[in-house]
Amino acid sequence: MPSSTMQMLAFILALLGVLGATVATLLPNWKVSADVGSNIMTAISQMQGLWMDCTWYSTGVFSCTLKYSVLSLPAYLQTARTTMVLSCMMATLGLCLAALGLKCTHWGGSHRSKGHTALAAGACFVIAGVLCLVPASWFTNEVITTFMDSKVPKSSKYEPGGAVYVAFVSAGFFLAGGVIFCMSCPRNRNGPLDSGSSHPDKLLRQVVNDRHKQKQHREQQSQTEPQEQQHKEKTTHQEKLQVDEMQPDQPKPEKSQLEQEQQYYSPSRNRLQDAKAVYSLQDYV
């Protein structure tokens, strides 16, 4: 069963426990008169509660008397009053925390904070269950002890009433709801968040992580770029050297025709031409 369903079940049990504890605290029938002896003939029923004593006559009249004096009450009755009120208060606080810690709701913060809130709600329900169980058990023990005492007259003997049973059932609801809430909280506090949750804390963490990764990537690029450039230049230089070594020696280009003519040019040709020119001039004269 999913944890959200278990939490809803625990919340319903705790709500029933709060209602039962409140009703049990206000009911006047924590102990009722036993139908023994002459009480059957008179048909009178007496009930005693935490706050009042009531009498039901055979004529149908029902009258109650409040217990104004606190110091005149026995110790178990004073303890029952205090613990039942504290139990109702703790259970109400637990309901408020449980409403924030339910996984099926959108309020209450992130998944981790919801788990902590659910754990606190479970602790409140467990404490409320103990506070409700103690007075019910003590009150029942006092009633049974008095009933079994042979020195007490039969007209003064009482037996546990319906309010005591309601208190026992409410304590069971509190304990069950508290245990379920405590078990539904995440055990691994440093574990990952739910994949389906879209809370602000998760989004903020994702943004921070993305920025941190981008910054690290940029730093790595800035450190590796100069090394890569140097390696590339070195590789290019080596390739050039290898290409130069692999090329054979090219033959020297032949001399042009003009250079050959200049090389085989003789100054005597000009002299002959000059002499011929002089000779022809003399003949003309």
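These numbers were taken from a predicted model, which means no experiment stands behind them.
In this structure the side chain of M47 never reaches within 4.5 angstrom of the side chain of D53, judged on heavy atoms. Proximity of W51 to P28: side-chain heavy atoms (C-beta onward) are nowhere separated by under 4.5 Å. The shortest side-chain heavy-atom distance between Q7 and M183 does not fall under the 4.5 Å cut-off. Here the side chains of T146 and K157 are not in contact, with every heavy-atom distance at 4.5 Å or above. In this structure the side chain of N141 never reaches within 4.5 angstrom of the side chain of S137, judged on heavy atoms. You'll find the side chain of Q46 reaches within 4.5 Å of the side chain of Y158, heavy atoms only. Within the 4.5 Å cutoff, the side chain of V179 has no heavy atoms near those of the C182 side chain. Using a 4.5 Å heavy-atom threshold, the side chains of M84 and L50 count as touching.
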In a table with atom names and distances, give each donor-acceptor pair under 3.5 Å that connects a side chain of residues 118-126 to protein atoms at least two apart or in another chain.
none

Identify every side-chain donor-acceptor pair in residues 14-24 under 3.5 Å, counting partners at least two apart or on other chains, and give the distances.
| residue | atom | partner | partner atom | Å |
| --- | --- | --- | --- | --- |
| T22 | OG1 | V18 | O | 2.8 |

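Side-chain heavy atoms closer than 4.5 Å link hydrophobic residues (I, L, V, M, F, W, Y) into clusters, and following such links, possibly through other members, connects M89 to L133. When the side chains of ILVMFWY residues are joined at heavy-atom separations under 4.5 Å, either directly or via intervening members, L95 and L102 end up in a single hydrophobic cluster. The hydrophobic clustering, which links ILVMFWY residues whose side-chain heavy atoms are closer than 4.5 Å, places V85 and W138 together. Each of L97 and I127 belongs to its own hydrophobic cluster when Ile, Leu, Val, Met, Phe, Trp and Tyr are linked at side-chain heavy-atom distances under 4.5 angstrom. Each of I144 and F168 belongs to its own hydrophobic cluster when Ile, Leu, Val, Met, Phe, Trp and Tyr are linked at side-chain heavy-atom distances under 4.5 angstrom.
Nearest heavy atom pair, residue A98 against residue F181, reads CB-CZ, 3.5 Å. Nearest heavy atoms, A176 versus L13: CB-CD1, 4.0 Å. Of all heavy-atom pairs spanning P160 and T140, the tightest one is CG-CG2, 4.1 Å. Across every non-hydrogen atom of V164 and A136, the tightest pair is CG1-O, 4.0 Å. Nearest heavy atom pair, residue A10 against residue G177, reads CB-O, 3.6 Å. Here the closest heavy-atom approach between residue G49 and residue W30 is recorded as CA-CD1, 3.9 Å.
Annotation: the span from I180 atom CD1 to I12 atom CD1 amounts to 10.5 Å, rounded to 0.5 Å. Expressed to the nearest 0.5 Å, how far CZ of F62 lies from OG of S45 amounts to 8.0 Å.
Screening residues 57-91 for disulfide bond (SG atoms under 2.5 Å apart) gives C54-C64 as the qualifying pairs, with residues at least two apart or on separate chains. Screening residues 63-101 for ring pair (Phe, Tyr, Trp, His ring centres under 6.0 Å), with sequence neighbours left out, gives Y76-F139.
Side chain of Q78 to backbone of V70: a donor-acceptor contact under 3.5 angstrom is found. A distance-only check finds no donor-acceptor pair linking the side chain of N29 to the backbone of K31 [under 3.5 Å]. When atom types are taken as modelled, the side chain of S87 and the backbone of T83 share no donor-acceptor pair closer than 3.5 angstrom.
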### Query
Hey, mind stepping through Q48 and L77 against side chain to side chain contact (heavy atoms under 4.5 Å, CB included) and telling me if it holds?
CA-CA 11 Å; Q48 293 183 7; L77 194 57; over 6 Å; no
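Taking V134 as the reference, V130 meet the side chain to side chain contact (heavy atoms under 4.5 Å, CB included) condition, with sequence neighbours excluded. Looking at residues two or more places apart in sequence or on another chain, you find a side chain to side chain contact (heavy atoms under 4.5 Å, CB included) between T82 and L86.
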